[in-house]
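In what follows, chains are A, B, ... by sequence order, proteins preceding strands, each numbered from 1.
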2 protein chains.
Amino acid sequence: MAKQESLRADPCPMARTLYILGDRWSLLIIRDAFDGKRRFGDFQRSLGMAKNILAERLKLLVEEEILQMVPASDGSTYQEYALTRKGEELFPIIVAFRQWGESHMYRKGERHSVLVERATGKPVKRLELRAHDGSPLNHGDAFVKKLKA
Amino acid sequence: MAKQESLRADPCPMARTLYILGDRWSLLIIRDAFDGKRRFGDFQRSLGMAKNILAERLKLLVEEEILQMVPASDGSTYQEYALTRKGEELFPIIVAFRQWGESHMYRKGERHSVLVERATGKPVKRLELRAHDGSPLNHGDAFVKKLKA
DNA sequence: CAGTATCCCTCAAGATACTG
DNA sequence: CAGTATCTTGAGGGATACTG
């Protein structure tokens, strides 16, 4: 058990999403999933977190249909955790975090990993939001429209 | 006090970012900031969180130069919290969360708020990642390239 | 109004042992 | 190997009183 239930029913989409992802581990698990990890032990060794906590998080992520359990790709009897379509759609969140971190969380000269295009080997371009007319959409150019329940 | 120091020096940009944003409140504060809120009391009433916790979070966000304190826009003696450039660049993260939440955290028919373009009034388009050749970049098309320290 | 100072408590997280 | 079960700890968070 865990996780602040009040967020779950919040009217704001961000708050609801934070019910699942608003902690120190979930996004790192998902990062690892995008990185190709699928086995309980892979996550556990990669993240160095306690097994019961990992199990709890994985359970929530499966319940929320971000991960699904599938038969192991090798012949073994175990299950693996694979991203669902819903989980794959978290990719922009992961990339947004990565890119912001790359830009702002390193001292000059300090090296870090980079996300590159598989096809070209070039660093991935910045996530950009474009308006309907094709121009860049900045934060001042959008606002939240409240809808009545 | 608070916040897991180990993440702060992690080699992964995502992990470092989670040192600041990986909790249930920080991103909601920033969402409110994008929504135009600037005063301590605004945040406090909007989020309904304890004042000491809010003060703690605001302090970290100022230390990390995501918010800065500026003189109040009205004549009052108080300070306000404004997004820095670094803070404004969190916009894609906020939008990515919002859009994913809108797509996946509501039952069919359940209404929610929408982000619209100020100029056109149309809903903001999906954040998309494009490759250097202009084609859509999906999660399988990119990978993390490790750099040696 | 915008915080700070205390006190308290829950729960997220860790450690470890155990099981199919 | 992939978890579950237990126990413990500490930090994240809440409530409230106080201050410039």
Does Lys145(B) NZ have over 12 foreign heavy atoms under 6.0 Å away? no
OP1 or OP2 of dG20(C) under 4.0 Å from side-chain N/O of Tyr78(A): no
Look at the side-chain N and O atoms of Arg57(A) and state whether any lies under 4.0 Å from the OP1 or OP2 oxygen of dA13(C). yes
Please state how far atom [atom1] in [X] lies from atom [atom2] in [N], giving the value in whole angstrom units.
X	N	atom1	atom2	value
Leu54(A)	dA13(C)	CG	P	12 Å
Glu56(A)	dA13(C)	CD	P	8 Å
Arg39(B)	dG3(C)	CZ	P	9 Å
Leu58(A)	dA2(D)	CG	C1'	11 Å
Met69(A)	dC1(D)	CE	P	16 Å
Ile53(A)	dA13(C)	CD1	C1'	4 Å
Arg38(A)	dA2(D)	CZ	P	12 Å
Phe43(A)	dG3(D)	CZ	P	11 Å

Report the nucleotide, chosen from [options], that has the shortest atom-to-atom distance to any side-chain atom of [X].
X	options	result
Ala50(A)	dA15(C), dC1(C), dG14(D)	dA15(C)
Arg24(A)	dG13(D), dA13(C), dT4(C)	dA13(C)
Lys51(B)	dG14(D), dT4(D), dA2(C)	dA2(C)
Met49(A)	dG13(D), dG3(C), dG14(C)	dG14(C)
Asp23(B)	dG13(D), dT4(D), dG14(C)	dG13(D)

Tell me whether the centres of the aromatic rings in Tyr81(A) and Phe40(A) are closer together than 6.0 Å. no
What is the base-pairing partner of dT16(D), counting Watson-Crick and G-U wobble geometry with both distances under 3.5 Å? dA5(C)
Give a yes or no on whether a donor-acceptor pair under 3.5 Å exists between the nucleobase atoms of dG14(D), that is its base, and the side chain of Asn52(B). yes
Report the C-alpha distance between Val144(A) and Arg98(B) in whole Å, list the side-chain angles of each, state the deciding distance to 0.1 Å, and finish with yes or no for side-chain contact (heavy atoms from CB on, under 4.5 Å). CA-CA 10 Å; Val144(A) 174; Arg98(B) 273 198 66 90; 3.8 Å; yes
Looking for any heavy atom pair under 4.0 Å, which part of the strands does Tyr81(A) touch: base, sugar-phosphate only, or nothing? sugar-phosphate
Would you say the side chain of Asp42(B) lies within less than 4.5 Å of the side chain of Asp32(B), judging by non-hydrogen atoms? no
Geometric cation-pi criterion Arg39(B) and Tyr78(B), 6.0 Å radius, 45° cone: no
